[in-house]
Amino acid sequence: MSELTPPRLSGLEIKEPSTKAAGLTAVRYSLRHVTEYMHLGEGLETLAKLNQKGGFDCPGCAWPDPDGSRTPMAEYCENGVKAIAEEATKRRIGADFFAKHTVEELGRWTDYELGKSGRIAQPLHLRPAAKNYSPISWAEAFALMAGKLRELHPDEAIFYTSGRTSNEAAFLYQLFVRQYGTNNLPDCSNMCHESTSKALAEVIGLGKGSVTLEDIHAADLIICMGQNPGTNHPRMLSALETMKENGGRMISVNPLPETGLLNFVNPQRPLKVVTGGTDLTDLFLQIRINEDQSLLRAWLKILYDREKSAPGEYFDQSFIRDYTSGYPELARLLEETDLEACITNTGLSREEIEESAGLIHGSSRIIVCYAMGLTQHENSVDTIKELVNLLLAKGSIGKPGAGICPVRGHSNVQGDRTVGIWDKLKPELAEALREYYQFEPPTVDGYDVLRSMEAMAGGRAKFFFGMGGNFVSATPDTELTARGLRNCDMTVHVSTKLNRSHLVHGREALILPCLGRTERDLQATGEQFVSCENSMGVVQLSKGVLEVEDMDLMSECAIVCELARRTLPESRVPWVAYRKDYDLIRDAIAACIPGFARYNEKVREPGGFYLPNGPRRRRFDTSDGKAQFSVTDLSPHTLADGEYLMTTVRSHDQYNTTVYGLHDRYRGVHNERRIVMMHPLDVKALGADAGAIVHLTSHYAGKERVAEQFQLVPYSIPRGCIATYFPEANVLVPSEVAARGSNCPISKSVRVRVHLT
Ligand SMILES: Nc1nc2c(c(=O)[nH]1)N[C@H]1C(S)=C(S)[C@@H](COP(=O)(O)OP(=O)(O)OC[C@H]3O[C@@H](n4cnc5c(=O)[nH]c(N)nc54)[C@H](O)[C@@H]3O)O[C@H]1N2
Ligand SMILES: Nc1nc2c(c(=O)[nH]1)N[C@H]1C(S)=C(S)[C@@H](COP(=O)(O)OP(=O)(O)OC[C@H]3O[C@@H](n4cnc5c(=O)[nH]c(N)nc54)[C@H](O)[C@@H]3O)O[C@H]1N2
Ligand SMILES: [Mo]
């Protein structure tokens with residue numbers, strides 16, 4: 001079977017999409033989540049501690065908190081509340097649950113049903129050929145893993161990380177893996193902002209964004225491309241509201257008219273709730289999927305042509321002269337650019353493009369915010385470089401209210417990378433580890449996500465360890481991933497909740513249940529805290545508040561220390577001491593990772609601290625010390641007859657592969673996730689009606705991939721483009737084609753065919 005998510009339909013209802021995001025409805029919806037899974041009193045106490053300084057970092061997204069004093073409810077966010085309620089649920093699954101349900105039976109449950117089962121309460125073991133998981137002691141679990149790892153060549157083991165892991169746990173984890181002898185450290189970032197890391201490191205010398213929250217507030221113009229903040233970064237809407245009140249403008253570029261982008265009702269401002277909120281977007285550009293690079297090129301061409309007759313009027317020539325390289329080459333490219341062709345590619349009108357170019361011309365402080373709509377295509381690295389071309393031409397980087405803002409996903413995905421989680425080992429970190437810990441780290445590159453999938457399927461890797469996440473559901477080419485995991489001798493998951501990756505397993509499998517962000521972490525020297533880095537490079541502490549007396553959990557740090565100690569008995573790393581006192585881990589990070597000097601001191605200050613950021617100060621640590629203009633080719637996006645370009649998106653009721661509910665309220669799609677958003681005329685051209693059941697196929701590298709049982713939803717989206725939900729449509733995403741340069745799966749532009757049943 002190619003699909004792991006059972007293709008069961010649940011009763012689609014189509015309503016009008018919302019015109020406004022958040023507001024009181026959002027408060028009502030999220031309180032429902034709290035009362036459903038938690039005792040109300042405790043639920044409210046948890047909420048009050050959410051994101052307050054000294055409390056825990058919200059396990060939702062990586063958007064930063066406003067600095068300074070906090071309201072008792074911190075910044076209100078419906079989806080943050082859902083993420084907490086999901087983790088702090090009172091439901092438990094342990095020995096009884098797993099005795100009752102075989103792995104095969106659980107495999108027939110939907111993701112929604114799996115997630116609702118509750119928190120995993122004790123370590124579990126699936127013995128070879130067993131039908132059910134059964135309890136195992138922590139000591140036995142560590143002995144099994146250590147035994148297996150010592151049998152293998154280090155490159156036969158894979159150590160995945162999802163982006164919730166704290167800096168402390170992530171640092172120890174990569175240290176252990178490298179001391180064990182491999183760089184096989186794929187992470188969720190490989191499927192997320194890898195194209196950003198790759199492009200920005202090359203052209204501005206740092207693979208991260210350059211702006212702060214204050215910059216967002218102070219911008220003249222924000223261009224929000226390929227991002228749905230109303231659902232995925234709801235707290236960003238308050239920052240955008242402030243920007244608007246300060247007189248800023250916003251252009252939104254998206255194939256879908258996302259509710260949160262258009263209008264926002266701030267539930268923390270009662271008057272706004274009454275008056276109907278803030279119109280955030282001044283100009284909505286409903287672009288065709290993966291034509292952002294053409295749009296950026298068109299803007300540059302228009303401004304460049306005018307700049308020629310009025311030098312300095314359209315571009316910031318002194319910035320270009322003092323801080324950049326490659327402008328003459330870009331100018332030559334723009335000379336030859338065919339504006340009409342660019343405009344045609346985007347599917348937008350000339351007026352829309354002229355109007356938006358006018359807004360760009362009229363603004364000096366410009367920020368481009370973007371997320372997955374830009375990073376998950378074959379040409380993503382080029383698109384992001386084109387984005388940088390625009391900002392450089394305008395001199396819009398490294399000054400207040402201007403810069404680049406890749407909006408990160410998981411709450412600590414950026415921090416994990418900073419402290420060393422990567423399938424490549426930077427020479428500086430190799431040197432630091434060698435010096436500080438006196439061992440020789442491996443220098444050859446390890447497997448990223450796609451290469452891990454291939455290595456397991458091809459029998460070159462036999463042990464998979466997941467530090468969080470849901471590898472089989474999050475990756476493309478589900479069939480290949482499943483085959484790979486099933487090929488392993490042992491698969492291990494450090495998890496909070498049950499997910500499909502526990503059910504698509506190796507010959508033997510372990511589930512190691514861990515503490516979540518919300519929970520108190522008590523070790524031998526007392527209560528511990530951890531820390532995370534948000535999307536804007538601020539490192540802050542996170543301390544759980546809830547007691548967990550009814551579960552046998554370990555912290556992620558403790559799990560790594562124990563595993564390392566048992567696997568590498570000869571290691572001179574003080575694993576036992578690290579487990580007892582996380583201050584010692586932070587001292588080690590301070591010694592090995594740039595920017596963390598006096599970590600223990602600074603992280604205890606209210607609001608945390610900023611990591612150094614060159615581009616923010618117009619320091620560009622690139623090959624020539626300049627911010628670099630790039631010359632890239634526009635990718636041709638031709639579709640064969642009968643083909644559609646499919647993007648996969650998140651609904652309002654999910655956190656990646658965790659499905660909170662079946663409603664996508666803002667888009668008006670209810671009670672069903674197996675849907676295809678399609679232009680009404682395309683629905684008609686197929687001879688179908690709303691709700692018609694279809695199969696989808698994709699064809700890459702001579703392989704047909706099939707996803708069965710989806711229902712058509714007529715929707716506002718450009719013709720020839722369709723949208724489905726992640727992870728239901730992942731079976732269709734190929735593994736043979738990926739983003740050039742970053743190897744990120746092309747989850748946002750898959751060529752598919754639609755077959756009526
Ligand atoms: N509640 C909640 N919060 C989350 C998550 C979650 O699942 N739930 N996930 C977290 C993670 S890991 C991440 S990475 C972020 C993801 O945050 P987003 O990137 O906002 O998430 P997606 O749903 O993938 O949405 C991509 C947006 O890009 C648009 N888009 C699709 N294709 C294109 C294109 O070709 N061009 C343009 N311009 N736009 C396009 C889609 O219509 C959609 O609005 O959110 C994080 N926060
Ligand atoms: N088609 C398609 N595929 C995509 C995407 C897309 O847009 N389209 N987006 C991609 C992106 S941006 C990302 S980031 C990846 C996400 O990929 P992952 O990060 O692998 O997936 P998640 O669904 O976030 O992982 C959820 C699981 O994490 C575990 N978990 C939750 N909290 C914790 C914790 O505190 N500690 C530990 N140890 N475990 C915990 C729970 O068991 C839960 O089931 O998916 C990618 N896949
Ligand atoms: Mo992500």
Side-chain angles (χ1 to χ4, degrees), residues 59-63 77-80 82-83 86-87 111 114-115 120 160-166 169 187-193 224-234 252-258 260-261 285 287-292 295 370-377 383 407-411 413 449 466-476 493-502 511-518 556 559 645 647-658 660 677 717 721 723-730 732-733 744-745 747-750:
C61 70
W63 189 257
C77 160
E78 175 189 358
N79 278 342
K82 287 185 195 165
E86 183 77 16
E87 181 174 300
D111 294 324
L114 290 177
I120 302 163
Y160 174 69
T161 315
S162 165
R164 277 201 192 172
T165 298
S166 64
D187 66 350
C188 69
S189 204
N190 295 150
M191 302 180 267
C192 186
H193 267 295
C224 184
M225 302 185 91
Q227 199 205 337
N228 180 18
T231 287
N232 298 314
H233 306 92
S252 295
V253 184
N254 202 305
L256 303 176
E258 303 286 25
L261 284 173
L285 301 178
I287 196 165
R288 288 177 52 210
I289 291 171
N290 198 11
E291 292 298 351
D292 302 86
L295 173 63
Y370 69 95
M372 297 303 102
L374 252 54
T375 62
Q376 301 173 330
H377 307 277
T383 302
V407 183
R408 300 280 162 171
H410 268 300
S411 49
V413 61
V449 162
M467 180 57 90
N470 183 0
F471 195 76
V472 81
S473 298
T475 50
H493 287 91
V494 178
S495 307
T496 51
K497 304 287 290 278
L498 187 60
N499 68 46
R500 205 156 299 280
S501 297
H502 305 133
I511 306 177
L512 308 178
C514 68
L515 290 170
R517 281 283 168 76
T518 52
E556 291 181 349
I559 291 172
L645 201 54
T647 188
T648 57
V649 298
R650 291 153 171 82
S651 89
H652 195 62
D653 249 2
Q654 74 183 86
Y655 194 93
N656 297 339
T657 69
T658 300
Y660 300 139
M677 289 173 247
I717 185 170
C721 297
T724 51
Y725 294 130
F726 147 57
E728 283 76 1
N730 281 39
L732 297 167
V733 184
C744 179
S747 310
K748 291 285 189 280
S749 51
V750 184

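All heavy atoms count here, side chains included; hydrogens, waters and symmetry mates do not. Order of listing sets the numbers, starting from 1, for every ligand and every atom in it. If you read the sequence from its start, that first residue is 1, and numbering goes on from there.
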Note the single closest protein heavy atom to [atom], along with its residue, its atom name and the distance in Å.
{"atom": "atom 32 (N) of ligand 2", "result": "R164 NH1, 3.0 Å"}
{"atom": "atom 7 (O) of ligand 1", "result": "N656 N, 2.6 Å"}
{"atom": "atom 8 (N) of ligand 2", "result": "T648 OG1, 2.9 Å"}
{"atom": "atom 47 (N) of ligand 2", "result": "A474 O, 2.7 Å"}
{"atom": "atom 13 (C) of ligand 1", "result": "G409 CA, 3.2 Å"}
{"atom": "atom 4 (C) of ligand 2", "result": "F726 CE1, 3.2 Å"}
{"atom": "atom 43 (C) of ligand 2", "result": "N499 ND2, 3.7 Å"}
{"atom": "atom 30 (N) of ligand 2", "result": "T496 OG1, 3.3 Å"}
{"atom": "atom 31 (C) of ligand 1", "result": "T647 OG1, 3.1 Å"}
{"atom": "atom 19 (O) of ligand 1", "result": "M372 N, 2.9 Å"}
{"atom": "atom 33 (C) of ligand 1", "result": "G373 O, 3.6 Å"}
{"atom": "atom 9 (N) of ligand 2", "result": "R650 NH2, 3.1 Å"}
{"atom": "atom 25 (O) of ligand 2", "result": "G469 CA, 3.2 Å"}
{"atom": "atom 26 (C) of ligand 1", "result": "K748 CE, 3.7 Å"}
{"atom": "atom 42 (O) of ligand 1", "result": "N254 OD1, 2.7 Å"}
{"atom": "atom 20 (O) of ligand 1", "result": "N228 N, 2.8 Å"}

Heavy atom of Q376, distance to ligand 1 below 4.0 Å: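 Q376: no contact with ligand 1 (<4.0 Å).
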
Sub-4.0 Å heavy-atom approach of P255 to ligand 1: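 The answer is yes, since P255 has a heavy atom less than 4.0 Å from ligand 1.
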
Whether [X] side chain and [Y] backbone form a donor-acceptor pair below 3.5 Å:
{"X": "D187", "Y": "N190", "result": "yes"}
{"X": "N499", "Y": "G469", "result": "yes"}
{"X": "K497", "Y": "G115", "result": "yes"}
{"X": "H502", "Y": "N470", "result": "no"}
{"X": "T657", "Y": "A474", "result": "no"}
{"X": "Q376", "Y": "M191", "result": "yes"}
{"X": "T375", "Y": "C192", "result": "yes"}
{"X": "E556", "Y": "R164", "result": "no"}
{"X": "H493", "Y": "L498", "result": "no"}

Side chain, backbone, both or neither: which applies to T657 and ligand 2 if a contact is any heavy-atom pair less than 4.0 Å apart?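 The answer is both, backbone and side chain.
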
At a non-hydrogen distance cut-off of under 4.0 Å, which region of C514 contacts ligand 2 (side chain, backbone, both, or neither)?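 Only the side chain of C514 comes within reach of ligand 2.
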
Does any part of the side chain of [Y], heavy atoms only, come nearer than 4.5 Å to the side chain of [X], both counted from C-beta?
{"X": "V750", "Y": "T648", "value": "no"}
{"X": "V649", "Y": "Y725", "value": "yes"}
{"X": "E86", "Y": "T658", "value": "yes"}
{"X": "V449", "Y": "T475", "value": "yes"}
{"X": "K82", "Y": "D653", "value": "yes"}
{"X": "H652", "Y": "N79", "value": "yes"}
{"X": "S162", "Y": "F471", "value": "no"}
{"X": "D111", "Y": "Q654", "value": "no"}

So, is [X] polar-close to ligand 1, with some N/O to N/O distance under 3.5 Å?
{"X": "V253", "result": "yes"}
{"X": "N290", "result": "yes"}
{"X": "N79", "result": "yes"}

Roughly how far, to the nearest 0.5 Å, is the CD atom of Q227 from the CG atom of L374?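 Between atom CG of L374 and atom CD of Q227 there are 10.0 Å.
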
Reported CG-to-OG distance for the pair N730 and S473, which is rounded to 0.5 angstrom: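 Going from the CG atom of N730 to the OG atom of S473 covers 7.5 Å.
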
Numbering the atoms of ligand 1 from 1, which are under 4.0 Å from a heavy atom of [X]?
{"X": "C192", "answer": "14 (S)"}
{"X": "I289", "answer": "35 (O)"}
{"X": "H377", "answer": "34 (C), 35 (O)"}
{"X": "Q227", "answer": "20 (O), 27 (C), 28 (O), 44 (O)"}

Heavy-atom contact under 4.0 Å between H493 and ligand 2?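 No heavy atom of H493 comes that close to ligand 2.
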
Close N or O approach ([X], ligand 2; < 3.5 Å):
{"X": "M467", "answer": "no"}
{"X": "E556", "answer": "yes"}
{"X": "N730", "answer": "yes"}

Can you tell which of [options] gets a heavy atom nearest to [atom]?
{"atom": "atom 44 (O) of ligand 1", "options": "E258, H193, Q654", "value": "E258"}
{"atom": "atom 39 (N) of ligand 1", "options": "P229, A723, S747, G226", "value": "G226"}
{"atom": "atom 21 (O) of ligand 1", "options": "V649, L256, N232", "value": "N232"}

Does H410 have its ring centroid less than 6.0 Å away from the ring centroid of Y655?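 Ring centroids of H410 and Y655 are less than 6.0 Å from each other.
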
With a 4.0 Å heavy-atom cut-off (strictly under), which part of [X] contacts ligand 1: side chain, backbone, both or neither?
{"X": "H233", "result": "side chain"}
{"X": "H652", "result": "neither"}
{"X": "D292", "result": "side chain"}

For [X], the ligand 2 atoms whose distance to one of its heavy atoms is below 4.0 Å:
{"X": "G468", "value": "37 (C), 38 (N), 39 (N)"}
{"X": "Y160", "value": "17 (O), 18 (P), 19 (O), 20 (O)"}
{"X": "H410", "value": "14 (S), 19 (O), 24 (O)"}
{"X": "C188", "value": "14 (S), 19 (O)"}
{"X": "V494", "value": "37 (C), 38 (N), 39 (N)"}

Are E87 and R517 ion-paired here, with the side-chain N under 4.0 Å from a carboxylate O?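 Judged by the 4.0 Å cut-off on N to carboxylate O distance, E87 and R517 do not form a salt bridge.
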
